[in-house]
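I have placed the structure first, in the form of structure tokens, so that the comments after it can refer back to it.
Below, each value reflects all heavy atoms present in this structure, side chains not excepted, and no hydrogens, waters or symmetry copies. In what follows, every chain begins at residue 1, and chains take the letters A, B, ... in the order their sequences are listed.
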Protein chains: 2
Amino acid sequence: MTSVYQTHDHHHCISEALQEARTLCQRSGARLTHLREKVLELVWQSHRPIGAYDILAELAKQEERVAQPPTVYRALDFLMEQGLIHRLSSLNAFIGCPHPGKKHNGCFLICQNCRVTQEIEHQAINQSIASCATDQGFKITDAAIELTGLCSNCQEAQE
Amino acid sequence: MTSVYQTHDHHHCISEALQEARTLCQRSGARLTHLREKVLELVWQSHRPIGAYDILAELAKQEERVAQPPTVYRALDFLMEQGLIHRLSSLNAFIGCPHPGKKHNGCFLICQNCRVTQEIEHQAINQSIASCATDQGFKITDAAIELTGLCSNCQEAQE
DNA sequence: CGCGCTTTAGTTATAATATAACATCTTTGA
DNA sequence: TCAAAGATGTTATATTATAACTAAAGCGCG
């Protein structure tokens with residue numbers, strides 16, 4: 001598996017994400033319309049979180065009709081419900097989910113230099129959080145774990 | 001130690017927080033002005049996160065001069081720099097730090113029903129996050145861990 | 001097919017959160 | 001006491017998000 005930090009054939013990431021989305025939506029009966037797929041594609045245009053208004057601006061460039069904010073937010077809401085993207089609340093931005101389909105709460109490593117963001121699934125973190133909640137008698141419905149710092153690439157670059 | 005979920009003498013929480021803030025600021029040479037102290041007091045008015053504009057509204061009620069947004073945001077920035085409050089990005093709101101003075105990244109349990117929010121220090125979580133970062137060669141500078149769900153009180157109430 | 005229902009998208013307006021830029025006042029220390 | 005630094009005031013505006021209503025498209029059933 002290639003790392004998001006390495007140069008790689010990103011078109012492959014995009015087409016894979018779109019294909020997976022189509023499959024999942026077909027299976028669940030959700031309607032992945034042209035607009036929704038387009039927004040998903042824009043979210044996947046890089047491994048950096050993208051804001052709703054940036055998506056709006058891209059849509060304005062690429063599509064005939066100029067969309068309004070609610071159009072974009074509705075598409076984003078749909079994609080989140082389907083588990084195809086995540087919202088990073090510390091950035092007010094959205095990023096594609098690399099392994100959609102299963103409901104999960106990812107842990108995000110956000111590079112403050114290059115902005116590349118990696119979602120990881122880490123058993124020890126999940127377990128410690130679960131046990132912490134149990135200790136407190138707290139029932140988690142949603143976990144936002146957003147770690148900001150420097151990715152390995154950018155650390156090297158700064159030396 | 002009384003839990004934030006239990007009924008307790010909250011005036012005690014407030015005065016303790018203010019006293020600790022005064023001590024810390026004196027020690028560090030930071031200027032805890034009237035405005036900043038007032039804002040800190042408002043943040044501590046409950047164990048629920050409060051938004052900047054709610055603080056603004058309270059200030060308008062309680063003070064002579066009507067403050068503007070930058071005034072409040074600057075006070076909040078100061079309080080965050082001093083480690084006296086935290087910002088919860090998933091709520092765009094602020095909450096008092098129960099053990100200020102040491103730099104730390106708290107883990108927050110946010111009840112979606114009563115909104116009471118508890119900051120906990122959990123070794124296993126800190127460790128698992130640190131080891132996760134190490135695995136990835138990632139250098140964390142800031143961690144936002146915000147867990148939303150139901151506190152024990154509200155779970156009981158819903159049965 | 002065609003009718004009606006449901007879902008999606010368009011449109012307009014506005015709410016909620018946050019900051020830029022510059023003016024003024026206050027504190028502090030030499 | 002005065003100059004510099006720091007805090008607050010003020011005005012305007014940027015950024016993010018949603019409410020409310022309208023129009024169009026897809027879909028299921030007779």
Side-chain angles (χ1 to χ4, degrees), chain A residues 21-22 25-26 28-43 48-60 62-82 84-95 110 115 144 146, chain B residues 21-22 25-43 48-60 62-82 84-95 115 144 146:
Chain A
R22 285 183 209 109
C25 286
Q26 194 148 42
S28 71
R31 284 163 58 187
L32 188 62
T33 61
H34 170 71
L35 175 69
R36 289 166 172 174
E37 189 171 320
K38 188 71 204 173
V39 170
L40 181 59
E41 185 186 332
L42 288 172
V43 169
R48 298 175 173 83
I50 184 173
Y53 280 77
D54 295 329
I55 292 171
L56 199 53
E58 282 301 314
L59 276 181
Q62 298 183 21
E63 302 281 288
E64 299 291 302
R65 302 189 142 281
V66 176
Q68 296 302 312
T71 299
V72 170
Y73 279 102
R74 280 187 294 230
L76 290 168
D77 286 345
F78 169 85
L79 295 170
M80 280 195 289
E81 274 165 26
Q82 302 303 315
L84 297 168
I85 63 172
H86 296 285
R87 178 171 189 276
L88 298 175
S89 62
S90 64
L91 296 177
N92 295 331
F94 302 83
I95 192 158
I110 305 167
R115 298 181 356 266
E146 302 177 19
Chain B
R22 285 184 209 109
C25 286
Q26 194 149 43
R27 198 173 297 159
S28 71
R31 284 161 62 185
L32 188 62
T33 62
H34 170 71
L35 176 68
R36 289 165 172 177
E37 188 171 321
K38 187 72 203 172
V39 169
L40 180 60
E41 186 187 332
L42 289 172
V43 169
R48 298 174 174 84
I50 185 173
Y53 280 77
D54 295 328
I55 292 171
L56 199 54
E58 283 300 314
L59 277 180
Q62 298 182 22
E63 302 280 289
E64 300 290 302
R65 300 188 144 284
V66 176
Q68 296 302 313
T71 300
V72 170
Y73 279 101
R74 280 188 295 230
L76 291 169
D77 285 345
F78 169 85
L79 296 170
M80 280 194 289
E81 273 166 27
Q82 301 303 314
L84 297 167
I85 64 173
H86 295 284
R87 179 170 190 276
L88 298 175
S89 62
S90 64
L91 296 177
N92 294 332
F94 302 84
I95 192 156
R115 299 182 354 266
E146 303 177 19

Between CD of A:E64 and CG of A:L59, what distance do you get to the nearest 0.5 Å? 12.5 Å
Test your reading of the model: is there a side-chain donor-acceptor pair from A:E146 to the backbone of A:S90, 3.5 Å cut-off? yes
Under 4.0 Å from any heavy atom of chain B: name the first and the last nucleotide of DNA chain D that qualifies, 5' to 3'. D:dG6 to D:dT11
Step by step, would you call A:R31 with A:F78 a side chain to side chain contact (heavy atoms under 4.5 Å, CB included)? CA-CA 9 Å; A:R31 284 163 58 187; A:F78 169 85; 5.7 Å; no
Expressed as a whole number of angstroms, how long is the span from B:Y53:OH to C:dT14:P? 18 Å
How long is the straight-line distance from CG of B:D54 back to CG of B:L42, given to the nearest 0.5 Å? 10.5 Å
Supply the atom-to-atom distance B:F94 CZ to B:I85 CD1, rounded to the nearest 0.5 angstrom. 6.0 Å
Could you run down the sub-3.5 Å N/O contacts of the protein with nucleotides 5-10 of chain C?
{"unit_1": "C:dT8", "atom_1": "OP1", "unit_2": "A:R36", "atom_2": "NH1", "d": "3.2"}
{"unit_1": "C:dT8", "atom_1": "O5'", "unit_2": "A:R36", "atom_2": "NH2", "d": "3.4"}
{"unit_1": "C:dA9", "atom_1": "OP1", "unit_2": "A:T33", "atom_2": "OG1", "d": "2.4"}
{"unit_1": "C:dA9", "atom_1": "OP2", "unit_2": "A:R36", "atom_2": "NE", "d": "3.4"}
{"unit_1": "C:dG10", "atom_1": "OP2", "unit_2": "A:T71", "atom_2": "OG1", "d": "3.4"}
{"unit_1": "C:dG10", "atom_1": "N7", "unit_2": "A:R74", "atom_2": "NH2", "d": "2.5"}
{"unit_1": "C:dG10", "atom_1": "O6", "unit_2": "A:R74", "atom_2": "NH1", "d": "2.8"}
{"unit_1": "C:dG10", "atom_1": "O6", "unit_2": "A:R74", "atom_2": "NH2", "d": "3.4"}

Under-4.0 Å salt bridge between A:E37 and A:R22: yes
Quick one: SG on A:C25 to CG on A:L40, what's the gap to the nearest 0.5 Å? 8.5 Å
Side chain to side chain contact (heavy atoms under 4.5 Å, CB included) for B:H34 and B:E63? Distances and angles first, verdict last. CA-CA 11 Å; B:H34 170 71; B:E63 302 280 289; 2.9 Å; yes
